[in-house]
Number of protein chains: 2
Amino acid sequence: MKIQDIPTDKLFADTPDLESRLAAQEQGEMRLWLRLLSCATLIENEIRSRLRREFKTTLPRFELMAQLHECPEGMRMTELSRRMLVTNGNITGITDQLEKEGMLERHRQAHDRRSSVLRLTPQGKKQYQIMAAAYREWLSAFFAPLSAPNKEGLLDSLGELKLLAHIQTHNNA
Amino acid sequence: MKIQDIPTDKLFADTPDLESRLAAQEQGEMRLWLRLLSCATLIENEIRSRLRREFKTTLPRFELMAQLHECPEGMRMTELSRRMLVTNGNITGITDQLEKEGMLERHRQAHDRRSSVLRLTPQGKKQYQIMAAAYREWLSAFFAPLSAPNKEGLLDSLGELKLLAHIQTHNNA
DNA sequence: TATTGTTATACTCTATAACTATA
DNA sequence: TATAGTTATAGAGTATAACAATA
């Protein structure tokens with residue numbers, strides 16, 4: 001008798017554990033994911049809104065400035081696109097805006113005239129530092145009330161999850 | 001150039017990302033936040049991409065359908081806008097698309113003719129269930145390898161954080 | 001007057017792809 | 001041939017505000 005011939009109801013009659021455990025686990029993962037997403041979205045929305053309201057800027061613009069601020073010698077646009085996980089064309093657009101506002105400059109390279117290096121202007125650096133200070137303050141309002149063990153636990157568990165996520169997104173690239 | 005075309009080794013070789021950027025100078029809350037955001041963004045991007053590729057849909061559309069699926073008696077649009085954290089006008093737009101695709105219907109109310117109640121059509125319900133099954137499977141790939149204690153800890157800590165975030169975002173509403 | 005939903009508008013981000021100019 | 005960056009296009013989400021119908 002082949003497995004295919006066993007009626008489905010008999011095949012799974014006394015194995016409800018496997019099935020229900022799987023289902024339960026997937027439900028648990030879904031709940032965990034939705035909670036994670038809720039937290040991130042709530043905080044992110046608030047930060048986006050404040051960046052817009054108080055500094056007339058956006059999260060991607062802020063992120064690009066943050067990358068440059070951490071790299072005072074400058075950074076090429078392709079490198080930025082890799083770090084920010086968006087395409088070259090998008091970096092060009094954001095860069096255009098920030099350049100127009102005087103926050104950064106394109107420095108063309110003598111040795112490779114295809115590429116240019118982006119650097120914050122003094123004004124951009126100053127502006128970033130003001131925004132970053134506010135940013136850290138906003139974050140504190142969200143995270144400070146969390147108990148210390150919770151913070152540590154979160155940092156560890158999210159670290160593991162992040163690793164898994166990286167692996168997972170590579171496998172089907 | 002597509003993101004998918006970026007070689008993995010280049011993408012993650014020694015290119016510090018959002019989180020590691022500030023690791024040295026800013027401990028604590030900023031680090032925790034960037035790690036949380038990284039996890040959410042990595043997974044969210046992957047899911048957006050798969051929803052688009054495999055089901056020709058988007059995350060907001062999927063989420064609206066999920067809300068309705070959890071509420072078979074139907075839901076008013078203002079309630080949806082509250083739950084999905086977007087404005088009324090946006091719900092109208094997403095609803096228009098889904099209605100055009102036959103996924104849901106607007107049912108006008110006799111007792112309050114200003115409002116209508118949204119309900120999934122049988123086709124919409126069927127389609128949602130197919131997508132949700134795939135969605136859960138995708139999630140499992142990310143979360144299943146996480147240890148059980150980590151999952152529990154995450155769920156608890158994120159629960160606390162979510163509460164704090166809600167309080168925080170309401171205070172200046 | 002307040003609420004429900006619609007409409008209109010403008011902006012940002014995103015993906016895709018064709019293009020240039022270099023290398 | 002491959003790479004760096006640009007340009008063009010199209011689509012989606014969002015915020016804002018003015019609006020109509022109804023409560």
Side-chain angles (χ1 to χ4, degrees), chain A residues 41-42 44-64 74-101 104-118 173, chain B residues 1-7 10-11 41 44-53 55-64 74-82 84-101 104-118 173:
Chain A
T41 305
L42 273 167
E44 195 179 342
N45 280 353
E46 186 64 22
I47 285 175
R48 278 183 199 276
S49 155
R50 294 194 197 182
L51 279 176
R52 189 172 49 248
R53 207 165 52 234
E54 300 190 18
F55 298 113
K56 311 280 183 240
T57 193
T58 65
L59 201 46
R61 280 210 283 261
F62 178 82
E63 290 298 344
L64 199 155
M75 201 182 288
R76 283 184 310 136
M77 298 176 78
T78 295
E79 173 67 12
L80 276 165
S81 83
R82 283 176 190 149
R83 294 200 190 195
M84 293 177 64
L85 297 176
V86 294
T87 53
N88 265 346
N90 299 136
I91 295 295
T92 296
I94 299 174
T95 296
D96 286 347
Q97 299 173 18
L98 289 173
E99 190 175 38
K100 205 166 139 193
E101 292 169 10
L104 57 77
E105 282 172 346
R106 284 170 162 97
H107 296 272
R108 309 232 62 115
Q109 305 278 80
H111 62 281
D112 185 343
R113 286 178 311 189
R114 291 174 305 178
S115 71
S116 59
V117 156
L118 304 190
Chain B
M1 181 174 182
K2 289 185 291 188
I3 282 206
Q4 287 80 358
D5 295 336
I6 301 176
K10 288 198 178 178
L11 196 51
T41 304
E44 196 180 342
N45 282 351
E46 186 65 22
I47 285 175
R48 278 183 199 276
S49 156
R50 294 196 197 181
L51 280 177
R52 187 172 49 245
R53 207 164 52 232
F55 298 113
K56 311 280 183 239
T57 193
T58 65
L59 199 48
R61 280 211 282 261
F62 176 83
E63 281 171 356
L64 198 154
M75 200 183 289
R76 282 184 311 134
M77 297 175 77
T78 296
E79 175 66 13
L80 275 166
S81 81
R82 194 186 63 75
M84 293 178 62
L85 302 175
V86 293
T87 54
N88 264 347
N90 299 137
I91 294 294
T92 296
I94 298 173
T95 296
D96 287 346
Q97 300 173 17
L98 288 172
E99 191 176 37
K100 206 166 139 192
E101 293 168 10
L104 57 77
E105 283 172 345
R106 284 170 163 96
H107 297 271
R108 308 231 62 114
Q109 304 279 79
H111 62 280
D112 186 343
R113 285 179 310 190
R114 291 173 306 179
S115 71
S116 58
V117 156
L118 304 188

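Throughout, a chain's letter reflects where its sequence line sits, starting with A, and its residues are numbered from 1. Nothing here was measured: the structure is a model prediction, and the numbers come from that model.
Dashed line: the shortest gap from a side-chain N or O of B:R113 to OP1 or OP2 of C:dT4 is not under 4.0 Å. Between D:dA4 and A:R76, a contact under 4.0 Å exists linking OP1 or OP2 to a side-chain N or O. At the phosphate of D:dG13, OP1 or OP2 sits under 4.0 Å from a side-chain N or O atom of B:T58. Listed pair B:T78 / C:dG5 meets the phosphate criterion, a side-chain N or O lying under 4.0 Å from OP1 or OP2. Applying the 4.0 Å criterion to OP1 and OP2 of D:dT6, one finds that A:R106 has a side-chain N or O inside that range. Phosphate proximity of C:dT6 to B:T92: present, with a side-chain N or O under 4.0 Å from OP1 or OP2.
Counting to the nearest Å, the P atom of D:dG5 and the CG atom of A:D96 are 13 Å from each other. Distance A:K100 NZ to C:dC11 C1': 12 Å, rounded to the nearest Å. Taking atom NZ on B:K56 and atom P on D:dG11, their separation rounds to 14 Å, with Å as the unit. Rounding to whole angstrom units, CD of residue B:E99 and C1' of C:dG5 are separated by 13 Å. Protein atom CZ of B:R48 is 18 Å distant from nucleotide atom P of D:dG11, rounded to whole Å.
Residue-level contact check: B:S116 touches the backbone only, with heavy atoms under 4.0 Å from sugar-phosphate atoms and none from bases. No contact: A:R108 has no heavy atom under 4.0 Å from any strand. Within the 4.0 angstrom heavy-atom criterion, no nucleotide atom of any strand lies near B:G93.
Test B:R106, B:Q109, B:E79 against B:S115 for side-chain contact (heavy atoms from CB on, under 4.5 Å) and you get one pass: B:Q109. Just one of B:I94, B:I91, B:V86 meets the side-chain contact (heavy atoms from CB on, under 4.5 Å) condition when paired with B:P60; it is B:I94.
Closest heavy-atom contact between B:R108 and B:R113: NH2-O, 4.1 Å.
Comparing C:dT14, D:dA15, D:dT3 against the side chain of A:N90 picks out C:dT14 as the nearest. With distances taken from any side-chain atom of B:V86 to the nucleotides D:dT14, C:dA23, D:dA21, the minimum falls on D:dT14. Among the nucleotides D:dA15, D:dG13, D:dT6, the one closest to any side-chain atom of B:P60 is D:dG13.
Using a 4.5 Å heavy-atom threshold, the side chains of B:T78 and B:N88 count as touching. Residues A:L51 and A:R48 form no side-chain contact, since every pair of their non-hydrogen atoms from C-beta on lies 4.5 Å or further apart.
Looking at which nucleotide of DNA chain D each of A:D112 and B:G89 is closest to, the 5′-most match is held by A:D112. Between B:T87 and A:I91, the residue anchored nearer the 5' end of DNA chain D, judged by the nucleotide with its closest heavy atom, is A:I91.
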